[in-house]
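Computation of the quantities below employed the complete heavy-atom set of this structure, encompassing side-chain atoms and omitting hydrogens, waters and symmetry-equivalent molecules.
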Amino acid sequence: MHDLDSLPEPVANALIKSLLTDLERLINQHGLSEVLVGLAMYCNVQFKAKLNKPNRTEKDEELGFYFRDAAKALEVAASLTYRTIDRSRPSQPAQPNA
C-alpha cells in the first residue's frame, strides 16, 4: 500500500475517485449504517492486531489506539444513521417469483 502523497497527483486522484465510487455502490446496496458497521469492525480488528503484535513498537500502540477510537466513532455514527437515515428509507417492494 502506498502513501497517497508519494503518488503522482493524477494517480492519487484516480484512486480516490475509484474508492468513492465503490463506497457509493456499497452504500446503495447495503445502507450507510451497514457500511459504517463494517468499517468499525475492520478498525476493531486492526486495533487488536496492533496491540497483540509480537514485539510491538510505540508506533504500533499509537496506531492501535487510533483504530480503537475510529471504531468507536464509526459505531456511534452507524447507530445514529440507522435510527435516522436508513429507517426513513422506503422499504424495497418484494419482487415476484419468476
Side-chain angles (χ1 to χ4, degrees):
M1 188 74 169
H2 293 283
D3 184 356
L4 284 177
D5 293 334
S6 68
L7 297 173
E9 189 172 338
V11 173
N13 289 343
L15 286 173
I16 292 169
K17 185 176 180 180
S18 176
L19 175 66
L20 291 175
T21 300
D22 291 344
L23 185 59
E24 182 179 23
R25 181 181 47 78
L26 282 172
I27 291 169
N28 288 335
Q29 285 178 340
H30 302 287
L32 181 58
S33 63
E34 290 296 320
V35 172
L36 293 171
V37 166
L39 289 170
M41 291 171 62
Y42 171 81
C43 287
N44 273 320
V45 167
Q46 291 301 313
F47 159 64
K48 290 175 183 171
K50 292 291 181 188
L51 292 187
N52 293 331
K53 186 177 177 181
N55 302 318
R56 71 176 182 246
T57 64
E58 191 173 309
K59 186 69 172 175
D60 291 325
E61 287 185 22
E62 182 181 353
L63 287 172
F65 291 126
Y66 285 138
F67 277 116
R68 180 200 62 194
D69 293 346
K72 288 179 181 180
L74 287 164
E75 289 167 0
V76 169
S79 177
L80 293 172
T81 302
Y82 176 75
R83 291 184 198 155
T84 56
I85 296 173
D86 288 349
R87 293 181 84 190
S88 67
R89 278 200 292 176
S91 59
Q92 300 286 331
Q95 296 192 4
N97 293 335

Residues clustered with Val37, ILVMFWY side-chain links under 4.5 angstrom: Met41
Whichever hydrophobic residues join Phe67 through chains of side-chain contacts under 4.5 Å: Tyr42, Phe47, Leu51, Phe65
Side chain to side chain contact (heavy atoms under 4.5 Å, CB included) evaluation trace for Thr57 with Glu61: CA-CA 7 Å; Thr57 64; Glu61 287 185 22; over 6 Å; no
Gap separating the CZ atom of Arg25 from the NE2 atom of His30, nearest 0.5 angstrom: 7.5 Å
Exercise: identify the closest heavy-atom pair between Ser33 and Thr81: N-CG2, 3.8 Å
Partner residues of Lys53 under the side-chain contact (heavy atoms from CB on, under 4.5 Å) criterion, sequence neighbours left out: Arg56, Asp60
Atom pairs and distances, donor-acceptor, side-chain atoms in residues 70-79, under 3.5 Å, two or more places apart:
{"residue": "Glu75", "atom": "OE2", "partner": "Asn44", "partner atom": "ND2", "Å": "3.1"}
{"residue": "Ser79", "atom": "OG", "partner": "Arg83", "partner atom": "NH2", "Å": "3.1"}

Run the side-chain donor-acceptor check on residues 16-23: report pairs under 3.5 Å with partners two or more places apart or on a different chain.
{"residue": "Thr21", "atom": "OG1", "partner": "Lys17", "partner atom": "O", "Å": "2.9"}

Residues in side chain to side chain donor-acceptor pair (under 3.5 Å) contact with Glu62, at least two apart in sequence or another chain: Tyr66
